[in-house]
Chemist: 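Structure provided below as structure tokens; questions to follow.
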Amino acid sequence: MILADKIIRLRKKNGLSQEELADKLGVSRQAVSKWESAQSTPDLDKILKLAGLFGVTCDYLLKDEIEDEELTDSSDERPVRKITLSEAGEYIESRTRASFKIAAATFLCIIAVIPLLILGAASETGLFGISENFAAGAGLCTLLMIAAVAVVIFVLCGFRNAPFEFLSKEPFEREYGVIGMVKEKHRAYRSTYIRLNVIGTCLCVLSPIPLFAGIVIENDENDFFMVVMLTLTMLVAGIGVVCFIIGNVREEAFKLLLKEGEFSPLEKKNNRMREAVSSVYWMSVTAIYLAWSFVTNDWEFTWIVWPVAGILFSAVMTVLKLKLEDKDE
């Protein structure tokens with residue numbers, strides 16, 4: 001019996017579909033299909049995972065002359081934690097509540113600088129009789145207080161999510177009924193998710209309108225008026241970001257429980273690679289920007305590094321995605 005036949009036999013014996021086996025191994029369903037049709041063979045790492053998953057020896061899998069299964073002692077294997085129906089429901093409710101708090105904290109971070117901008121503009125234009133020192137002091141104090149409130153909210157959300165951290169850090173199984181319940185709630189939420197993302201996109205796209213209006217409209221206190229228009233732009237963009245966060249935090253909770261999208265075993269592995277490449281890329285861009293700026297002292301021009309880097313980053317991540325997909329297959 002060849003390796004392909006043994007994989008089919010063991011998969012069916014354990015009641016797994018090709019897709020379920022692929023999820024457990026962190027590969028694509030197409031890869032499992034190719035193994036079972038003898039179009040390709042799994043590498044040594046996957047052989048070891050197959051042996052551990054099915055509780056057989058590597059010799060049994062690799063040697064065609066061995067027909068009978070050679071079982072291994074798996075008594076010392078760490079049991080996989082199972083999430084119950086009530087735990088899944090509690091997690092969804094917890095992330096729903098957290099989505100509003102995280103959105104509020106992020107909004108506070110966005111608007112924290114507004115008092116400093118308003119007071120600074122008022123002191124420069126002589127409005128309200130505010131001195132420059134008072135504007136700087138009051139603005140910075142307000143900024144720090146708002147930022148402190150935002151940090152407290154973030155920390156509290158982290159503590160309340162602690163009981164469910166294992167979902168994103170450890171392998172887990174779902175008890176009977178969990179998948180059906182989550183899928184039903186996910187379908188019911190889908191229209192809300194789409195609506196929040198549409199609203200968020202529209203607000204972010206339209207947010208520069210107040211700033212453009214400030215440029216067009218003539219005003220005696222033009223500097224102060226421009227700052228007010230800038231703060232309106234920040235407020236509108238901030239509301240758009242709030243919509244994105246509320247929608248996506250809850251959507252990610254569903255995907256995590258269903259092990260879909262970026263939370264599938266295959267995507268989790270690929271995401272670690274993407275994060276590593278992204279970190280190296282942006283650290284390199286920052287180093288290039290600082291080196292170029294300090295050497296030329298042309299800070300008014302070197303900012304061009306960032307939009308160019310942003311465009312190239314999309315190209316780099318697309319190439320990486322294609323490479324990872326080829327490797328998985």
Side-chain angles (χ1 to χ4, degrees), residues 7-8 10-33 36 46 49-55 74-103 154 156-197 244-272 274-275 328:
I7 294 175
I8 295 172
L10 291 168
R11 176 176 62 78
K12 291 182 176 179
K13 181 179 178 180
N14 286 269
L16 298 173
S17 65
Q18 287 186 343
E19 185 173 355
E20 288 171 331
L21 177 58
D23 284 343
K24 290 180 179 294
L25 296 175
V27 299
S28 65
R29 187 198 63 78
Q30 291 81 359
V32 174
S33 177
E36 294 187 351
K46 297 300 183 291
K49 287 185 178 181
L50 283 167
L53 177 63
F54 294 132
S74 59
S75 59
D76 59 343
E77 289 184 0
R78 183 181 178 182
V80 177
R81 183 167 178 176
K82 287 191 175 183
I83 183 168
T84 64
L85 195 62
S86 61
E87 286 177 329
E90 186 182 348
Y91 176 67
I92 292 171
E93 290 299 320
S94 172
R95 297 313 290 166
T96 299
R97 293 191 297 270
S99 67
F100 295 102
K101 294 175 183 177
I102 293 171
F154 282 130
L156 289 176
C157 287
F159 277 121
R160 287 169 183 166
N161 189 56
F164 302 103
E165 283 186 355
F166 73 93
L167 291 172
S168 57
K169 295 182 178 180
E170 304 173 12
F172 67 91
E173 296 293 341
R174 297 149 296 187
E175 288 191 353
Y176 177 78
V178 170
I179 295 178
M181 181 273 289
V182 175
K183 284 185 175 179
E184 183 179 349
K185 287 182 176 290
H186 191 203
R187 282 194 295 268
Y189 172 69
R190 191 65 183 172
S191 60
T192 302
Y193 170 71
I194 294 171
R195 186 163 56 250
L196 286 169
N197 276 273
F244 282 129
I245 292 174
I246 292 174
N248 283 280
V249 168
R250 295 164 70 182
E251 177 72 6
E252 287 180 358
F254 290 119
K255 288 186 175 180
L256 177 57
L257 290 172
L258 294 173
K259 298 183 180 180
E260 293 179 349
E262 64 269 31
F263 298 105
S264 67
L266 176 61
E267 282 300 310
K268 278 186 177 180
K269 180 184 71 175
N270 290 343
N271 282 339
R272 287 194 292 270
R274 294 190 188 103
E275 288 172 4
D328 293 331

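Note that the structure is a prediction, hence the values are computed from the model and not measured. The figures here come from the full heavy-atom set of this structure, side chains too, leaving out hydrogens, waters and symmetry mates.
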Chemist: Around atom NZ of K101, are there more than 12 heavy atoms of other residues, nucleotides or ligands at under 6.0 Å?
Modeler: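 Yes.
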Chemist: Look up atom CD in Q18 and atom NZ in K12, then write down how far apart they are to the nearest 0.5 Å.
Modeler: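 Q18 CD to K12 NZ: 9.0 Å, rounded to 0.5 Å.
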Chemist: Quick one, D23 with E260, criterion side-chain contact (heavy atoms from CB on, under 4.5 Å). Give me CA distance, side-chain angles, the key distance, then yes/no.
Modeler: CA-CA 10 Å; D23 284 343; E260 293 179 349; over 6 Å; no
Chemist: What is the minimum heavy-atom distance between G247 and Y189, and which atoms define it?
Modeler: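 That closest heavy-atom pairing would be O-OH, 2.7 Å.
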Chemist: In sequence, state the C-alpha distance, the side-chain angles, and the governing distance for R250 and R95, and then conclude on side-chain contact (heavy atoms from CB on, under 4.5 Å).
Modeler: CA-CA 6 Å; R250 295 164 70 182; R95 297 313 290 166; 5.5 Å; no
Chemist: So H186 and F254, would you call those rings parallel, tilted or perpendicular, with 30° and 60° as cut-offs?
Modeler: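 Aromatic pair H186/F254 classed parallel.
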Chemist: Enter the distance from N248:CG to N197:CG here, rounded to the nearest 0.5 Å.
Modeler: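 One gets 5.0 Å once the value is rounded to the nearest 0.5 Å.
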Chemist: Please enumerate all residues that pass ring-ring contact (aromatic ring centres under 6.0 Å, His included) together with F244, with sequence neighbours excluded.
Modeler: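 With sequence neighbours excluded, F244 shows a ring-ring contact (aromatic ring centres under 6.0 Å, His included) to no residue whatsoever.
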Chemist: Measure the spacing between CG of L53 and CG of L10 and express it to the nearest 0.5 Å.
Modeler: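 So the CG of L53 and the CG of L10 are separated by 9.0 Å.
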Chemist: Quick check for you: to the nearest 0.5 Å, what is the distance between I83 atom CD1 and L257 atom CG?
Modeler: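 If I round to the nearest 0.5 Å, the distance is 5.0 Å.
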Chemist: So K259 and E20, salt bridge (Lys or Arg N to Asp or Glu O under 4.0 Å) or not? Walk me through it.
Modeler: CA-CA 11 Å; K259 298 183 180 180; E20 288 171 331; over 6 Å; no
Chemist: Give the C-alpha distance, both sets of side-chain angles, the deciding distance and a yes or no for side-chain contact (heavy atoms from CB on, under 4.5 Å) between E175 and L85.
Modeler: CA-CA 7 Å; E175 288 191 353; L85 195 62; 6.0 Å; no
Chemist: Checking side-chain contact (heavy atoms from CB on, under 4.5 Å) for the pair V32/E19: CA distance, chi angles, key distance, verdict?
Modeler: CA-CA 8 Å; V32 174; E19 185 173 355; over 6 Å; no
Chemist: Taking only Lys NZ, Arg NE, NH1 and NH2, and the carboxylate oxygens of Asp or Glu, determine whether E87 and R174 approach each other closer than 4.0 Å.
Modeler: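 Looking at R174 together with E87, the answer is no, because their closest N to O distance does not fall below 4.0 Å.
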Chemist: If you round to the nearest 0.5 Å, how far is CG of L167 from CG of N161?
Modeler: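 Here the interatomic distance stands at 8.5 Å.
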Chemist: Output the distance between atom CD1 (I92) and atom CG (L256), rounded to the nearest 0.5 Å.
Modeler: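 Reported to 0.5 Å precision, the distance equals 10.0 Å.
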